[in-house]
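Letters go in sequence order (proteins before strands), and every chain restarts at 1.
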Amino acid sequence: MTEKVRVRFAPSPTGHLHIGGARTALFNYLFARHNNGAFILRIEDTDRSRSTDEYIEAIIEGMKWLGLDCDEGPFRQTDRFDVYRSYVDRLVKEGKAYYCYCSSEELEERRRLALATGKMPKYDGRCRNLKEPVPGEIPAVRFKIPLEGQTIVDDLIRGTVVFENNQLDDLIILRSDGTPTYNFTVVVDDVDMKITHVIRGDDHLNNTPKQIHIYKALGYNIPKFAHLPMILGSDKTRLSKRHGATSVMAYYEMGYLPDALVNYLVRLGWSYGDQEVFSREELIKCFSFDNVGKAAAIFNPEKLLWLNSQYIIHSPSERLAELVMPFLVKEKIIGEGQDIDRKWLSKAIDTLKERSKTLVQLANTLRYYIAEEVEYNEKAKDKFLNEKSRELLIELKNSIASVPDFSHQALEIIFKSIVEKHGVKLKDLAQPVRVAITGGTESPGIFEVLEIVGKEKTLRRLEKAIKTIVCPHFP
RNA sequence: GGUCCCAUCGUCUAGAGGCCCAGGACAUAGCCCUCUCAAGGCUAAGACACGGGUUCGAAUCCCGUUGGGACUACCA
């Protein structure tokens, strides 16, 4: 009987939930769900000067939007300072940690000197065997790393990684102001929270041997580790604002579906044969570290956009109708609080979803269905609303007005007969009508468009288009 | 500088010694469909970083080189 899987996502609230953090959270979430384990959220806010409550909220909001719900937490490390201090005291009593009276300035100076003379900038251990306190200095607490031997990290993704202990610094675990530091709190919390698998970014691999020594000093079992490859920007440097939007919620704003982002993120580093699109259930079922890659991946917004368009195409229009509502308001297509008939909206979306890559785009193309009036694109107007089309438009208007049936099929018959009568191509009529009804030259099939716009608005817009055309013979 | 990690088309990746003169997806180009724009279909171009081994045989194993990244804080 193996113990229950427990994993955690442990962001520090010094910014919004970003792409890299979201991917780490996602892999934790999938691993937990796959194994019927627990997914825990822990806020690592021991750096009080950089952490804010606002960012804690932002992180929770981002995870909620992505549907990465946790089973326990959020826990905050600032609520647990007493716990950390008791562990520190224990280590000091047992001689596994010691007071260090070197000031930050001295340390900085020594490091600078070491670097300048090409030496390793390592703590020289001068307080390691101190017997007496140094008066006038408030000490920090350092953890004793064994001077020799090796530490082996057995990583689920990297395999066996060996570190020489003499390369490892005696790290500070309690600052002179009495607050604990990351490498210590992470171990204490993972122990207290009974974390079985530590799944985190590659950037923590080098911290792992130090943490292993802390586990050992405390006498606890060492969890399994899985270090995920990084996500980089287009220039192969760490993903940052320079590469465009990095905050997860920015993708909400841009009209992305959370499942599309999740699908994109999971394929950065993980694969399942040639499959590209996965439902949430499939992800949970298929996810394993066996097919997580080792190499860093470059974030590619184009592929994310494609995936988003796929998710929009395959989402039920009723669902898209709900999702697009805030964007209709934001794009000022409907007023705040204004409602819209969802059945009609869904039908409109049926025609639009395969040409919308984002909800923002979808909202904007819905504009000509919803608005009372359309504005013409100048180039389109000049090209298609002219003397040649005027006659056709007049005839169409009259036909439509005189025929009670306004269905897709009825419209097709009307169009065909006008086209045949004048010996022109369908497009010679369809394009001017398209401009008259939508204001532009791109839209779904013209019969569908008219059907959704409705007879009344269609006639009104045709009338307006006809009037717009200045006829040189009758100025 | 030291330590550690990594290396297949522009990008994400498949590939567990012969199935690979390397497969899929995005992006790009062309064609088809067509009332426009999409979607869809078909096709094209495009990669095993380099050099040594091991082996009958290497993208796959080993070593080196090069390149990239991370860490080297009283940040996380």
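Only the C1' atoms considered, B:G10 is 10 Å distant from B:U28, to the nearest whole Å. For the P atom pair drawn from B:A27 and B:G40, the interatomic distance equals 9 Å after rounding to whole Å. Between B:A7 and B:U13, the distance separating the two P atoms is 11 Å to the nearest Å. Between B:U34 and B:A39, the distance separating the two C1' atoms is 12 Å to the nearest Å. Rounded to the nearest Å, the gap between the C1' atom of B:G15 and that of B:A22 is 8 Å. For the C1' atom pair drawn from B:G57 and B:C61, the interatomic distance equals 13 Å after rounding to whole Å. The gap from the C1' atom of B:G24 to that of B:A47 amounts to 14 Å, rounded to the nearest Å. Comparing B:G23 with B:A45, their P atoms sit 11 Å apart, to the nearest whole Å.
The base of B:C74 sits within donor-acceptor range of the side chain of A:Ser176, with an N or O pair under 3.5 Å. Remark: the A:Arg158 side chain and the B:C6 base include no donor-acceptor N/O pair separated by less than 3.5 Å. Judged by distance alone, with hydrogens and angles left aside, A:Glu354 brings no side-chain donor or acceptor close enough to the base of B:G40 to form a pair under 3.5 Å. With hydrogens and angles left out, the side chain of A:Asn206 and the base of B:A70 share a donor-acceptor pair within 3.5 Å.
Shown here, B:A16 forms no base pair; nothing in the strands shown gives a Watson-Crick or G-U wobble contact with both key distances under 3.5 Å. Base pairing analysis places B:U3 opposite B:A70; the two distances defining the Watson-Crick or G-U wobble pair are each below 3.5 Å. Pairing partner, B:A49: B:U65, with both Watson-Crick or wobble hydrogen-bond distances short of 3.5 Å. Pair assignment for B:C31: B:G41, on the basis of Watson-Crick or G-U wobble contacts that are both within less than 3.5 Å. Base pairing of B:U55 is not made with any nucleotide, judged by Watson-Crick or G-U wobble geometry with both donor-acceptor distances under 3.5 Å. As the counterpart of B:C26, B:G10 is assigned, both hydrogen-bonding distances of the Watson-Crick or G-U wobble pattern falling under 3.5 Å.
Residue-level contact check: A:His204 touches the bases, meaning some heavy atom is under 4.0 Å from a base atom. Nucleic acid contact for A:Glu276: base, since at least one base atom lies under 4.0 Å from a heavy atom of the residue. At the heavy-atom level, A:Ser443 lies under 4.0 Å from base atoms of the strands shown. Within the nucleic acid shown, A:Ile446 comes within 4.0 Å of at least one base atom, counting heavy atoms only. Residue A:Ile172 is classed as a base contact, given a heavy-atom separation below 4.0 Å to a base. A:Gly201 comes within 4.0 angstrom of nothing in the nucleic acid, heavy atoms only.
Positionally, the nearest nucleotide of RNA chain B for A:Asn300 lies more toward the 5' end than for the other of A:Ile313 and A:Asn300. Each of A:Thr441 and A:Asp235 was matched to the nucleotide of RNA chain B holding its nearest heavy atom; the match closer to the 5' end belongs to A:Thr441.
What you find for A:Tyr101 and A:Glu106 is that their closest heavy atoms are O-OE1, 4.2 Å.
In the set B:U11, B:C5, B:C12, the nucleotide with an atom closest to the side chain of A:Lys236 is B:U11. Checking B:G24, B:C26, B:C74 against the side-chain heavy atoms of A:Asp274 singles out B:G24 as nearest. Closest to the side chain of A:Arg267, out of B:A7, B:U36, B:C12, is B:C12. Here the side chain of A:Leu205 is nearest to one of B:C12, B:C37, B:C4, namely B:C4.
The NE2-P distance, from A:His18 to B:A76, rounds to 15 Å in whole Å. Separating the CZ atom of A:Arg48 from the C1' atom of B:C74 is a distance of 14 Å, rounded to the nearest angstrom. Taking atom CG of A:Asn183 as the reference point, atom P of B:A76 lies 9 Å away to the nearest angstrom. Distance A:Asn207 CG to B:U3 C1': 12 Å, rounded to the nearest Å.
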Checklist entry - Between A:Val435 and A:Leu385, is a side chain to side chain contact (heavy atoms under 4.5 Å, CB included) present by the stated rule, with each step listed? => result CA-CA 8 Å; A:Val435 177; A:Leu385 298 184; 3.9 Å; yes
Next on the checklist: A:Phe299 vs A:Leu232, test: side chain to side chain contact (heavy atoms under 4.5 Å, CB included). Steps then yes/no.
Outcome noted: CA-CA 6 Å; A:Phe299 185 78; A:Leu232 309 176; over 6 Å; no
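Side-chain contact check for A:Tyr123 versus A:Cys100: some heavy-atom pair is nearer than 4.5 Å.
For A:Ser103 and B:C74, the shortest distance from a side-chain N or O to OP1 or OP2 is not below 4.0 Å. Note on A:Arg434: every side-chain N or O is 4.0 Å or more away from OP1 and OP2 of B:C37. For B:A73, neither phosphate oxygen OP1 nor OP2 lies less than 4.0 angstrom from any side-chain nitrogen or oxygen of A:Arg50. Side-chain nitrogen and oxygen atoms of A:Lys357 include at least one within less than 4.0 Å of the OP1 or OP2 phosphate oxygen of B:A39. Between A:Gln310 and B:G40, a side-chain N or O to OP1/OP2 separation shorter than 4.0 Å is present. A close approach under 4.0 Å does occur between a side-chain nitrogen or oxygen of A:Arg238 and OP1 or OP2 of B:C71. Contact check, A:Ser271 against B:A14: a side-chain N or O comes under 4.0 Å of OP1 or OP2. Proximity of A:Lys294 to the phosphate of B:C6: a side-chain N or O atom is located under 4.0 Å from OP1 or OP2.
Taking the centre of each ring, A:Tyr256 and A:Tyr264 stay at or above the 6.0 Å mark. The six-membered or imidazole ring of A:Phe184 lies away from that of A:Tyr84, with a centre-to-centre distance of 6.0 Å or more.
In this structure, A:Asn166 contributes its side chain and A:Pro146 its backbone to no donor-acceptor pair below 3.5 Å. Without hydrogens or angle criteria, A:Lys122 side chain to A:Ala114 main chain gives no donor-acceptor distance under 3.5 Å.
Using cut-offs of 30° and 60° on the angle between ring planes, the pair A:Phe225 and A:His227 is parallel.
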